[in-house]
Amino acid sequence: MHWADVIAERLAAQGDSHVVATGITPSGPIHVGNMREVLTADLVVRACERIGVDAELIYIADTADPLRKVYPFLKEEEYEQHVGKALATLPSPDGDGSYSDYFLTPFFSALDDLGVEYRVVDSHEAYLEGKYTQSVKTAINNKVKIRDIISEVSQRPLDDDWFPYNPTDENGNMHGLKVTNCDWPWVEWVAEDGRTGRTNIEKGGGKLPWRLDWPARWDWLDITFEGYGKDHSSAGGSWDTGQHLAPIFGSDPPMGMMYEWIYLKGKGAMASSKGNTVSGKELLDIVPPEIMRYLITRVKPSKHIDFDPGEGLILLADEYERLEQRYHTKLNKIVHKSLGESSRKEQQLIDEARKFELAQGIRSGTDFDSSLGISFSHLSTLCQIKSQNEDLLTSLARTHGVDVNQPDKRLIDRVKRMRNWVDSEWFPDNARIQLADSIKSADFTSDELKFLQMFSQLIANSEWVEDSLLTTIRETTSNSELEPRQAFTTLYRALLNRDRGPKLAALLVELGQNNVTSLLDQLS
RNA sequence: GGGCCUGUGGCUCAGUCAGGUGGAGCGACGGACUUUUAAUCCGUUGGUCGCGGGUUCGAACCCCGUCAGGCCCGCCA
């Protein structure tokens, strides 16, 4: 059974209507690691829908969070004055709109591409609109109790002057303020430099600290399920304290599920602050949404993912393509059964089917009843040797029965993204078709050399189009001492430093006559 | 100091909550096809389930211990 279905069944046992929450702070580009949280939640929602349980996904944009520091991608001189202020109140890096919107816009666009349906709750607005007011009042009224709980559960005693609300100063800054008095709805504060002031809680003059904000929103949004990153999961962490604080705000804590992080292969955890990220948008530029979803559906949330945007991603995409084929020929006929009613082998097949179904952009079923049957690695080759889509389709018509006049829309979409991929920094070198820099006679036997020299002379006069080149290749091959297979291998080694490669005539056309002949001339 | 997650064929993962003859995909190997678009199809191989104890008729699974990797206990997926 797929993990999302397991969660859905557990939720169903608790009630027939659920609110699934997910929250990300838009302090920087929202990367693939962040996307795991939202997609995980989306899968739970979809699994609920499958068994007839009502579920809504809420995305909470933590726009009330302060800018913690000047990140490497920000201009120091422009943003140092803004550290400590709510993200929603800051200027955008491109000068247009708010800071948070700047990062949220591409994120929402990625979510739309991924087929995620969600309601946005903007935390800054929520504070301004007084949605948190009741919770803040509760927190202040229970200050001592809350302080004791946090101190005890987190094993970290809070100061006696700790106050369960972070006000903002006259500039909107919330760093370094201490609350000196509270006369509802006003809180009085003193800054580190001695400035004093007061702010109105009911008008959004600050926010709850994270450990309180979380259980507070569980209450006012009636959240029943939430996934959380592993950083929140240890004893004494915010999930833990939240469990103990939720009753104070008047509700049961939601069902939770920890998920692991996504690492950039060889570079550690994705973190905007370190600059080693792939944003959701960047990924969707190079692979279709279902591949990104599949990255998440294929592994349990407790597994960390070593994400490799190069060769590993091609393998992942090809794995998806094969799964799609298996789905349409076999897996879709498998009947869903619950755990007790089927063998483990059956369960594994159901699991595979669900990995595929949950990867779909559409919410149930699939858009197509067959796979394309064209691997991404094959497409990556074609995109490199066929710069025109027309030529590419003609080629696929011959090899894969593609209808040139009415190509599958998935194909066009994949080709578009593959071309981006090939042009991007992520495309792996070993998949890149590249003419060898130099060539050495010593690397070839005398028969092979003779063959290459003959070939070199003939193509020098050949018209540089596929048909003529093909004829030349055939003639050279049949006049040489080499077996056809060996002849091809020799040519690939000479041109690409590899034993195999894309169909030779097309490859030569793409490499260009001058480049090829000047390379082969090095042998004479 | 305390806690969480992960460890299963060369690789990526199911299976652990409900103990009952260890699974899948990829790779590798072999065959078919082919004067090769890094192919495609078919078949085969491959594992003392990190390690050591315990419970049990029976343990990958439960319990205790231990090792390794990752992370947390300000803020932050």
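Chain letters run A, B, ... following the sequence lines, proteins first, then strands; residues in each count from 1.
- A donor-acceptor contact under 3.5 Å is not formed by the side chain of Ser234(A) with the base of C4(B).
- Searching all strands for a Watson-Crick or G-U wobble partner of G65(B) with both distances below 3.5 Å returns C51(B).
- No side-chain donor-acceptor contact under 3.5 Å links Trp214(A) and Ser238(A).
- With U37(B), G70(B), U16(B) as the candidates, the nucleotide lying closest to the side chain of Tyr263(A) is G70(B).
- Here the side chain of Gln384(A) pairs no donor or acceptor atom with the backbone of Glu510(A) at under 3.5 angstrom.
- As a whole-Å value, the separation of His378(A) NE2 from A39(B) P is 10 Å.
- The gap from the P atom of G10(B) to that of G46(B) amounts to 12 Å, rounded to the nearest Å.
- If you take atom C1' in U45(B) and the same atom in G23(B), they sit 16 Å apart, rounded to whole Å.
- One P atom belongs to C61(B), the other to U55(B), and the distance between them is 15 Å to the nearest Å.
- A donor-acceptor contact under 3.5 angstrom links the side-chain atoms of Arg10(A) to the base of C17(B).
- In terms of phosphate contacts, Lys355(A) brings no side-chain nitrogen or oxygen within less than 4.0 Å of OP1 or OP2 of A14(B).
- Under a 3.5 Å cut-off, the side chain of Arg354(A) and the backbone N or O of Met1(A) do not form any donor-acceptor pair.
- At the heavy-atom level, Arg474(A) lies under 4.0 Å from base atoms of the strands shown.
- Across the interface with RNA chain B, nearest-nucleotide mapping of Thr489(A) and Thr25(A) shows Thr489(A) to be the residue nearer the 5′ end.
- Across all strands shown, Leu349(A) has no heavy atoms under 4.0 Å from either base or sugar-phosphate atoms.
- The distance between atom CD of Glu352(A) and atom C1' of C13(B), rounded to the nearest whole Å, is 9 Å.
- Residue Glu37(A) is classed as a sugar-phosphate contact, given heavy-atom separations below 4.0 Å to backbone atoms only.
- If you check the side chains of Trp218(A) and Glu226(A), you find a donor sitting under 3.5 Å from an acceptor.
- The distance between atom CD of Glu260(A) and atom C1' of C5(B), rounded to the nearest whole Å, is 5 Å.
- For Glu9(A) and C17(B), the CD to P distance is 16 Å, given to the nearest whole Å.
- One finds a side-chain N or O of Arg211(A) lying less than 4.0 angstrom from the OP1 or OP2 phosphate oxygen of C75(B).
- Comparing the C1' positions of C17(B) and A60(B) gives a spacing of 14 Å, expressed to the nearest Å.
- Taking only distance into account, the side chain of Ser302(A) never meets the base of U6(B) through a donor-acceptor pair shorter than 3.5 Å.
- In this structure C41(B) sits in a base pair with G31(B), meeting the Watson-Crick or G-U test at under 3.5 Å.
- Annotation: U16(B) and C62(B) have their P atoms spaced 9 Å apart (nearest Å).
- With a 6.0 Å cutoff to the six-membered ring centre and a 45° limit on the axis angle, Lys143(A) does not count as a cation-pi contact of Trp162(A).
- Of the two residues near RNA chain B, His232(A) and Ile385(A), the one whose nearest nucleotide lies more 5' is Ile385(A).
- Aromatic ring centres of Phe376(A) and Tyr320(A) lie farther apart than the 6.0 Å criterion allows.
- The side chain of Lys503(A) contributes an N or O atom lying less than 4.0 Å from OP1 or OP2 of U37(B).
- Side-chain N/O atoms of Lys303(A) include one lying less than 4.0 angstrom from OP1 or OP2 on G7(B).
- Residue-level contact check: Ile473(A) touches neither bases nor backbone, having no heavy atom under 4.0 Å from any strand.
- Comparing A32(B) with A39(B), their C1' atoms sit 14 Å apart, to the nearest whole Å.
- Pair assignment for G20(B): C57(B), on the basis of Watson-Crick or G-U wobble contacts that are both within less than 3.5 Å.
- Taking the C1' atoms as reference points, A14(B) lies 7 Å from A24(B), given to the whole Å.
- Distance CZ (Arg322(A)) to P (C26(B)): 5 Å, rounded to an integer number of Å.
- Met270(A) comes within contact range of at least one nucleobase, with a heavy-atom separation under 4.0 Å.
- A donor-acceptor pair under 3.5 Å links the side-chain atoms of Arg36(A) to the main chain of Glu260(A), judged by distance alone.
- Using a 4.0 Å heavy-atom criterion, one finds that Ser233(A) contacts the sugar-phosphate atoms exclusively.
- Atom pair Asp231(A):CG and C4(B):P shows a separation of 16 Å (rounding to whole Å applied).
- Remark: the separation of the P atoms in U36(B) and C26(B) is 25 Å, to the nearest Å.
- Taking atom CG of residue Leu295(A) and atom C1' of nucleotide G25(B), one finds them 16 Å apart after rounding to whole Å.
- When each of C75(B), C13(B), U36(B) is scored by its nearest atom to the side-chain atoms of Arg68(A), the top-ranked nucleotide is C75(B).
- Between Trp210(A) and C76(B) there is a side-chain polar atom (N or O) within less than 4.0 angstrom of OP1 or OP2.
- Between C76(B) and Lys69(A), no contact under 4.0 Å exists linking OP1 or OP2 to a side-chain N or O.
- Pairing for C26(B) is with G10(B), a Watson-Crick or G-U wobble pair whose two hydrogen-bonding atom distances lie under 3.5 Å.
- Crowding of Glu152(A) atom CD: a count of heavy atoms from other residues, nucleotides or ligands under 6.0 Å not exceeding 12.
- At a cut-off of 3.5 angstrom, the base of C73(B) holds no donor-acceptor pair with the side chain of Arg156(A).
- Taking only side-chain atoms of Lys300(A), from C-beta outward, the nucleotide of G70(B), G3(B), G15(B) with the closest atom is G15(B).
- The listed nucleotides are A24(B), C71(B), U37(B); the one nearest the side chain of Pro502(A) is U37(B).
- When atom types are taken as modelled, the side chain of Ser462(A) and the backbone of Leu458(A) share no donor-acceptor pair closer than 3.5 angstrom.
- Applying the 4.0 Å criterion to OP1 and OP2 of A38(B), one finds that Thr381(A) has a side-chain N or O inside that range.
- If you take CD of Glu321(A) and P of U40(B), they are 10 Å apart, rounded to a whole angstrom.
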